[in-house]
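Just so you know, ligand 1 is whichever comes first in the structure, and atom 1 is the first atom listed for that ligand. When a residue number appears, it is its place in the shown sequence, counting from 1.
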Amino acid sequence: MNSNARQDLLPLWESAWREIDPSAIVSNYRAIRAAIGPGTKIFACLKQDAYGCGAGKVASLLSAAGTDAFGVVSIADAIAVRRAAPGTPILMYPGIGPDAVDLVRDLDLTISVSGEEDLQGWLATGVPLKVFVKVDLGFWRAGVVPASLRGLVKLCASQSNLAVDGLYAHLSEFGDAGSSAPAQVARLTPLLDALKAEGRLPSTVMVSSSESLLQHPEFDMDAVDPGALLFGLARSGAGRRTLSIRPALSAIKARIVALKTCHDSMGRPPGLPGYHPAMRLAVLGIGWGHGVPRDLGSSASVLVRGRRAPVVPPVHLEHLRIDVTDIPEAVLGDEAVLLGSSGADRITLPQLAEAWNTDETGVGCGLRESLRRIDAAPRSKPNQEEGE
Ligand SMILES: *Cc1c(COP(=O)(O)O)cnc(C)c1O
């Protein structure tokens, strides 16, 4: 599909959009599947509206590709995923409570239990439930403390209304981690042995998401629950596993919705960074209301007709000003590229993340719902690396 045909998919009045490449998501999924082999299940983590790619859409792609289960946090995401994938298990990470029990039953969701108080709340509903017990191995976030895990699993097992289908942890792999991933998993290993001896080891044990999937193949266990990696938001180069991964978010674009050469009849210029007399100022129909950082400076730039145009701060709610003095061929309605290719030039996702003072996940998950999604055109070279 050429770019004109794609524009036809948008209502004519749309001034900004993001492009998501469905084939990247499926290809990333397949790369993970190939790396872990057929014996380990994949719980595709689709939280935050599938990291900004659209939970319903991604759920249909991945259930068609054969994913074993999904993981989400919000009820909105669970509803979207359930509609798109009627038969695939959905694990609710900690977030919802017993007041959502009717939806849990109707949508056939599996809940997480992180402690006895948590469990009692769900039991009080009287509704039969599927449960994954969550243990905190050193993330210092959700999950039962390791010392109380066996007691909690025992209590769950004594309840006729509960099916304990899994046991999982989310490893802390960031700079603020108190202990390394191997040290965290070492807290679990003796507990798994004890649960096994007691005949209470759940059938699915899962600890690995994107980072440890790349760094620690030995932690694959029964299942893994990657999120960022599925969307090409995690760097795959440095790990012990090297996967061919590419970003699903392939472009962010906005149209020039106003264009003029500045003139002193507007009065004294309001201290615009980079302002110069006779500046040709273009206004893009995108702003911080769409998720562009509000504090973007004049060192940031966008591409217009294959050339760099500096941003003229500050960013407005619906508008972003750029200096197109050096791009005289720019006209009203032109497409400006914040992320992606224009002519021979390109702004990659890591470059945009740096300019936006965040990381790739911060870009993908920071875009707002008002920035519409369209499918990116299929690529000619399916495994072409992007931004690595
Ligand atoms: C976010 C999250 C994941 C996925 O993490 P990534 O680093 O994006 O792979 C997995 N499990 C839980 C509980 C999470 O909160």
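No side-chain N or O of S15 forms a donor-acceptor pair with one of R372 less than 3.5 Å apart. In this model, a donor atom of one side chain and an acceptor atom of the other lie less than 3.5 Å apart for Y168 and S112. For the residue pair D323 and Y275, no side-chain donor N or O sits within less than 3.5 Å of a side-chain acceptor on the partner. Side chains of R82 and T88: a donor-acceptor N/O pair is absent below 3.5 angstrom, by distance only.
Remark: D345 engages L303, R308 in a side-chain contact (heavy atoms from CB on, under 4.5 Å) (not counting sequence neighbours).
Closest heavy-atom approach to atom 1 (C) of ligand 1 among the candidates E211, K47, Q48: K47. Taking only non-hydrogen atoms, the option from Y51, F43, Y93 nearest to atom 8 (O) of ligand 1 is Y51.
Residue contact check for ligand 1: G71 places no non-hydrogen atom closer than 4.0 Å to it.
Here is the list of ligand 1 atoms found below 4.0 Å of a heavy atom in R141: 15 (O). Here is the list of ligand 1 atoms found below 4.0 Å of a heavy atom in P226: 9 (O). Atoms of ligand 1 found under 4.0 Å from any heavy atom of K134, numbered from 1 in the order shown, are 13 (C).
Looking at ligand 1, you'll find an N or O of A228 within less than 3.5 Å of one of its N or O atoms. Considering backbone and side-chain N/O atoms, G227 comes within less than 3.5 Å of an N/O atom of ligand 1. On a distance-only criterion, D225 and ligand 1 share at least one N/O pair closer than 3.5 Å.
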Quick one: side chains of residues 49-65, donor-acceptor pairs under 3.5 Å with protein atoms, not counting sequence neighbours, listed by atom name and distance.
residue: D49; atom: OD1; partner: A55; partner atom: N; Å: 2.8
residue: D49; atom: OD2; partner: R373; partner atom: NH2; Å: 3.3
residue: K57; atom: NZ; partner: D375; partner atom: OD1; Å: 2.8
residue: K57; atom: NZ; partner: D375; partner atom: OD2; Å: 2.8
residue: S60; atom: OG; partner: G56; partner atom: O; Å: 3.1
residue: S60; atom: OG; partner: K57; partner atom: O; Å: 3.1
residue: S63; atom: OG; partner: A59; partner atom: O; Å: 3.1
residue: S63; atom: OG; partner: S60; partner atom: O; Å: 3.4

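The closest donor-acceptor contact from the side chain of H290 to the backbone of G287 lies under 3.5 Å.
With a 4.0 Å heavy-atom cut-off, ligand 1 is reached by the side chain of C45 but not by its N, CA, C or O.
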